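One structure is given here, and the rest of the page talks about it.
Everything numeric here is computed off the predicted structure, so don't read it as measured data.
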Amino acid sequence: MRRLGTSGNWAYADTDGQNAGYFTMDARMSRAVVEVFVQLYEAGLIYRGKRLVNWDPVLGTAVSDLEVDSDEEDGTLWEIRYPSEDSTGSVVVATTRPETMLGDTAVAFHPADERYAHLLGKAAILPILGRRLPFVADEMVDRDFGTGLVKITPFHDPHDFEVGKRHGLPGIAVIDKTGRMTAEAGPDFAGLSREEARGKVVERLEAEGALVKVEDHVHNVGHSQRSGEPIEPLVSTQWFCDVSGMAKLALEAVQDGRLRLVPDSWDKTWEHWLANIRPWCISRQIWWGHQIPAWYTADGRTIVAHDEAEAIELAGGAAAGGLSRDPDVLDTWFSSALWPFSTLGWPEETADLATFFPTDVLITGFDILFFWVARMVMTSLHLTGEVPFRAVHLTGLVRDAEGVKMSKTKGNVLDPEELVAEFGADAVRFTLAALDSPGRDIPLNPDQMAGYRAFGNKIWNATRFALSRVGDEARISSDLDSKALAAPERWILSRLSATAAEVNAKLEIFRFDEAANRLYHFFWGELCDWYIELAKPALLGESGGASRPRAGDVLLTVLDRALRLLHPVMPFLTEELWQRLPGREAIHPETICLAPYPESMPAWDDPAVEEQMDALIGAATRVRSLLAETGRERKVGLWTPSPALEAFLLEQKPLFASLCRLERLDVSSRAWPAQEGGPEDLVAGIGIKVLGEKPAGDEAEDRRRAEKELEKLDAEIERTVHQLGDEQFLAKAPPPVVEKRRAALAQMEDRRASLHASLQAG
RNA sequence: AGGCCCGUAGCUCAGUUGGUUAGAGCGCUACGUUGACAUCGUAGAGGUCAGCGGUUCAAGUCCGCUCGGGCCUACCA
């Protein structure tokens with residue numbers, strides 16, 4: 001993160017004097033964990049109980065619902081016949097896990113299912129083991145699935161566990177914590193693995209003629225996120241946290257706007273998850289982690305305390321004898337959930353907590369929205385009454401150039417350090433910012449990064465050029481009077497102001513991509529491509545530069561602000577260059593990091609000059625294009641009926657000529673007579689005519705080009721004429737829109753006329 | 001099963017509250033440059049905005065459906 005230029009308060013992270021930052025097992029963090037545990041326990045929100053949990057037989061621990069990934073698998077559905085107790089008939093039940101039938105204790109049907117109402121009070125007999133299975137009626141059963149009868153295995157299925165509780169059914173554990181069959185499964189099966197038992201049960205059923213049907217069945221199987229093993233639902237004594245109340249608080253915080261999710265398309269997902277949340281299993285049977293602060297007395301009492309001394313005291317002093325501590329540890333996310341305030345010293349009322357809590361924004365990937373973000377929000381609201389941050393900016397996942405998730409096995413992992421080494425931290429940062437558009441993942445493409453590295457070069461070279469040419473007197477100026485400057489200077493200052501306004505607005509709404517792109521286009525497309533070119537005559541003392549006061553000051557001033565605007569995205573390059581700008585000391589004596597972030601400058605906004613300069617830039621672009629297409633001598637005439645525009649063009653004539661490298665440029669208000677063919681094109685009110693001779697030989701190419709353009713033009717004119725003849729359009733569209741169309745039509749017709757003329761002439 | 005997102009140029013993506021010849025970067029072609037540019041500049045080719053229907057004077061943009069892709073949550077034994 002340091003190499004990427006993250007502006008963290010690293011010194012703050014060194015408070016333990018070991019340059020280690022915070023570690024979740026530090027005394028300080030552990031203290032918060034214990035405190036929260038004790039508080040929630042005393043409030044009755046943390047409790048210990050025997051429940052059906054997600055058990056990972058490989059790791060030998062319980063895991064939470066979030067740590068179970070369900071994957072679709074091709075499985076088998078077995079239909080099994082269970083005879084009635086009174087041998088008057090039989091019922092057929094279905095299962096995807098035959099081995100669990102050894103733990104069946106009932107058969108259920110829907111209470112409103114008339115097909116089976118008569119079975120109530122009766123029982124079926126479990127094949128193989130001969131156990132008596134009473135029939136129970138429960139709404140959990142889907143009448144339309146299979147036969148409408150469900151075998152109930154309370155200790156190996158979450159739904160069956162609930163049914164069992166409702167009907168007072170016993171549970172029988174036939175699978176143990178290592179995933180092997182228990183003695184309860186019977187001597188034929190005890191000790192077998194789940195898979196072995198499944199095969200043997202099916203074999204036995206077949207032999208007994210109890211197997212009715214075997215069919216392929218696609219279903220979802222829960223796998224442990226950590227080990228990849230199928231999760232075994234097992235009954236086990238664990239610690240749970242009732243988060244329903246906190247979840248409600250977290251839900252409300254988003255609903256009433258105290259917490260903003262960005263983009264807000266996550267709101268519904270947030271609501272859905274929190275509204276349906278279930279108790280969180282927080283104990284783990286692993287040795288790494290925060291040990292649960294609970295002790296057990298010899299006589300079976302449970303004591304929850306901050307430490308052993310307190311536990312002994314609570315247990316009644318030394319008389320209590322040997323206390324044994326619960327060996328379990330907490331889910332790693334339990335301590336992570338406390339992060340926003342535990343790092344700041346909570347439960348003490350520290351100065352840090354007062355200063356930094358709540359924070360402004362959390363930036364993270366959506367993949368840990370529930371694991372981490374939701375839990376931080378829940379614990380903060382419950383324990384401090386405040387949201388931990390006011391906004392959560394959820395980014396996409398960084399993927400490879402093809403959009404494939406990076407993974408070691410696929411070998412498509414891009415190492416940030418290697419990227420930094422190849423492209424520079426600034427280019428890496430810029431790429432990440434530019435690609436971070438809401439609701440999308442981030443495909444990291446080295447080619448694109450190379451493009452942004454080139455942008456860095458561009459910034460470097462532009463600044464270097466400026467420093468070498470502005471002259472010794474030039475300084476960054478905070479009080480430039482735009483009105484006293486020439487048009488190009490007024491234009492770039494106006495554009496700078498608009499850019500600053502836009503970038504600030506985009507940052508405000510977390511659109512880092514749009515902010516970055518806007519800056520890219522300002523710097524390269526407006527500052528480098530146009531302003532620096534426009535400023536060259538003035539800076540180099542060439543013709544056209546005489547009436548250009550303070551051009552050097554303007555260039556430095558624009559660079560200063562452009563670098564400051566870019567600094568959050570490209571910190572290294574901008575700092576390096578900014579340090580060299582004459583006059584930057586007045587903005588900040590030490591570093592660009594601490595210089596104010598530029599905002600719009602209303603005094604520099606100049607729509608009139610922007611309009612004139614847009615016309616000039618548009619005309620210059622078209623002139624270049626016409627010259628490039630036809631290869632004619634670089635002699636051009638410009639014409640405009642507007643006296644103001646004519647005056648402006650006359651003023652900028654040397655500049656225009658240099659921009660297009662013209663040998664000759666005529667500017668007049670004289671329209672070309674029809675017999676001269678009229679202007680070749682009309683751009684922003686400026687008629688353009690190339691006066692140079694055509695080289696011989698490529699008339700055919702000219703004609704082809706003109707015909708192609710004419711074709712497109714005719715279609716567009718027809719469409720526009722039709723539209724302007726539409727009464728509905730004229731009546732309902734806003735007048736400015738209609739006006740714009742009329743103007744566009746007039747221009748297109750002019751263009752068509754000149755194309756016709758040149759075709760005839762040619 | 002419910003929900004969310006995406007489908008725009010060869011590739012990766014923008015496209016504000018609907019306003020009319022749809023943009024960028026990279027790639028490609030031509031020309032020019034090496035006196036800011038680890039090249040850069042100028043110009044150019046390239047798109048029936050997944051499809052169908054609807055609302056509207058006007059739809060890439062709003063609504064519905066279909067197809068294709070991704071994800072989240074839950075889960076039928």
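Here B/C40 sits opposite B/G32 as a Watson-Crick or G-U wobble pair (both hydrogen-bonding atom distances under 3.5 Å). Look at B/G27: it lacks any Watson-Crick or wobble partner with both distances under 3.5 angstrom. The base-pairing partner of B/U21, taking Watson-Crick or G-U wobble contacts with both distances under 3.5 Å, does not exist among the strands shown. Across all strands shown, B/U61 forms no Watson-Crick or G-U wobble pair with both key distances under 3.5 Å. Across all strands shown, nothing is found opposite B/C75 as a Watson-Crick or G-U wobble partner with both distances under 3.5 Å. Figure legend. B/G68 is base-paired to B/C6; pairs are counted as Watson-Crick or G-U wobble with both atom distances under 3.5 Å. Pairing of B/G46, defined by two Watson-Crick or G-U wobble distances under 3.5 Å, is not identified with any nucleotide.
Because its NZ or CZ atom is not both nearer than 6.0 Å to the ring centre of A/Trp78 and within 45° of the ring axis, A/Arg198 does not count as a cation-pi partner of that residue. In this structure, A/Lys536 fails the cation-pi test against A/Tyr531, since its NZ or CZ atom is not both closer than 6.0 Å to the six-membered ring centre and inside 45 degrees of the ring normal.
Within the 3.5 Å criterion, the main-chain N or O of A/Leu539 finds no donor-acceptor partner in the side chain of A/Arg469.
When rounded to the nearest whole Å, the span between CD1 of A/Ile231 and C1' of B/A74 equals 16 Å. For the pair A/Asp441 CG and B/G7 C1', the computed distance is 15 Å after rounding to whole Å. Atom CD1 in A/Ile442 sits about 21 Å away from atom P in B/C11, given to the nearest Å. Atoms CG (A/Asn461) and P (B/G41) sit 11 Å apart, rounded to a whole Å. In this structure, CG of A/Leu435 is placed 10 Å from C1' of B/G25, rounded to the nearest angstrom. The CG-C1' distance, from A/Asn54 to B/C75, rounds to 13 Å in whole Å. Here B/C26 presents its P atom at 13 Å from CG of A/Asn457, a figure rounded to the nearest Å. A/Tyr116 has its OH atom 13 Å from the C1' atom of B/A77, to the nearest Å.
Among the atoms of the strands shown, base atoms are found under 4.0 Å from some heavy atom of A/Asp142. Among the protein residues, A/Tyr452 comes within range of no part of the nucleic acid, since none of its heavy atoms lies under 4.0 Å from any strand. Contact annotation for A/Asp367: no contact, since no heavy-atom pair falls under 4.0 Å across all strands. Here A/Ala466 lies out of heavy-atom contact (under 4.0 Å) with every strand. Backbone-only contact: A/His217 has heavy atoms under 4.0 Å from sugar-phosphate atoms and none from a base. At a threshold of 4.0 angstrom between heavy atoms, the contacts of A/Arg97 with the nucleic acid are absent.
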Check nucleotides 43-50 of chain B against the protein and report each pair of N or O atoms closer than 3.5 Å, with its distance, or say if there are none.
none

Find every protein N or O atom lying less than 3.5 Å from an N or O atom of nucleotides 3-6 of chain B, and list the pairs.
unit_1: B/C4; atom_1: OP1; unit_2: A/Lys268; atom_2: NZ; d: 2.9
unit_1: B/C5; atom_1: O2'; unit_2: A/Gly439; atom_2: O; d: 3.1
unit_1: B/C6; atom_1: O3'; unit_2: A/Arg440; atom_2: NH1; d: 3.3

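Where A/His272 and A/Leu149 each meet RNA chain B at their nearest nucleotide, the meeting point lying more 5' is that of A/His272. The nearest heavy atom of RNA chain B to A/Asn517 and to A/Arg464 marks one nucleotide each, and the one closer to the 5' end goes with A/Asn517.
Of the side-chain N and O atoms in A/His219, none sit less than 4.0 angstrom from OP1 or OP2 of B/C76. Here A/Arg661 does not reach the OP1 or OP2 of B/C31: none of its side-chain N or O atoms lies under 4.0 Å away. The side chain of A/Lys151 places no N or O atom within less than 4.0 Å of a non-bridging phosphate oxygen (OP1 or OP2) of B/C76. Look at A/Arg511 and you'll find a side-chain N or O under 4.0 angstrom from OP1 or OP2 of B/G15. Taking side-chain N and O atoms only, A/His521 has no distance below 4.0 Å to OP1 or OP2 of B/G23. For B/A14, one of the phosphate oxygens OP1 or OP2 lies less than 4.0 angstrom from a side-chain nitrogen or oxygen of A/Ser437. Between A/Trp524 and B/A36, a side-chain N or O to OP1/OP2 separation shorter than 4.0 Å is absent.
Taking every heavy atom of both residues into account, A/Pro98 and A/Val201 meet most closely at O-CG1, 3.7 Å. Smallest separation of non-hydrogen atoms from A/Gln225 and A/Leu66: NE2-O, 3.6 Å. The two residues A/Pro154 and A/Ile152 come nearest to each other via the heavy atoms CD-O, 3.4 Å. Residues A/Ala250 and A/Trp270 come closest through the heavy atom pair O-NE1, 3.2 Å.
Straight-line distance between the P atoms of B/C71 and B/G10: roughly 26 Å, to the nearest whole Å. Distance check on atom P: B/A9 versus B/U48 gives 9 Å, rounded to whole Å. B/U8 and B/G46 have their C1' atoms separated by 13 Å, given to the nearest Å.
Within 3.5 Å, a donor on the side chain of A/Glu533 pairs with an acceptor on the base of B/A36, or the reverse. For a distance-only test at 3.5 Å, the side chain of A/Gln723 qualifies as a donor-acceptor partner of the base of B/U20. No hydrogens or angles were tested; on distance alone, a donor-acceptor pair under 3.5 Å links the side chain of A/Ser70 to the base of B/C75. A donor-acceptor contact under 3.5 Å links the side chain of A/Asn220 to the base of B/C75.
With respect to A/Glu232 and A/Arg97, a salt bridge is recorded, a charged nitrogen being found less than 4.0 Å from a carboxylate O. Classification of A/Glu526 and A/Arg518 as a salt-bridged pair holds, one side-chain N sitting under 4.0 Å from a carboxylate O.
Closest to the side chain of A/Trp460, out of B/U21, B/A38, B/U42, is B/A38.
Taking 4.5 Å as the limit, some side-chain heavy atom of A/Leu519 sits within range of a side-chain heavy atom of A/Thr499.
Sorted by residue number, the members of residues 730-741 of chain A with any non-hydrogen atom under 4.0 Å from RNA chain B read A/Lys732, A/Ala733, A/Pro734, A/Val737, A/Lys740, A/Arg741.
Side chains of A/His167 and A/Asp138: a donor-acceptor N/O pair is present below 3.5 angstrom, by distance only.
Distance CG/A/Leu435 to CD/A/Gln448: 4.5 Å, rounded to 0.5 Å. Note: A/Glu422 CD to A/Met449 CE = 9.0 Å, rounded to the nearest 0.5 Å.
Results of the side chain to side chain contact (heavy atoms under 4.5 Å, CB included) test with A/Asp436 over A/Val398, A/Asp441, A/Thr395 single out A/Thr395 as the only residue that passes.
By the 6.0 Å contact criterion, CZ on A/Arg278 is open, its count of non-hydrogen atoms from other residues, nucleotides or ligands being 12 or less.
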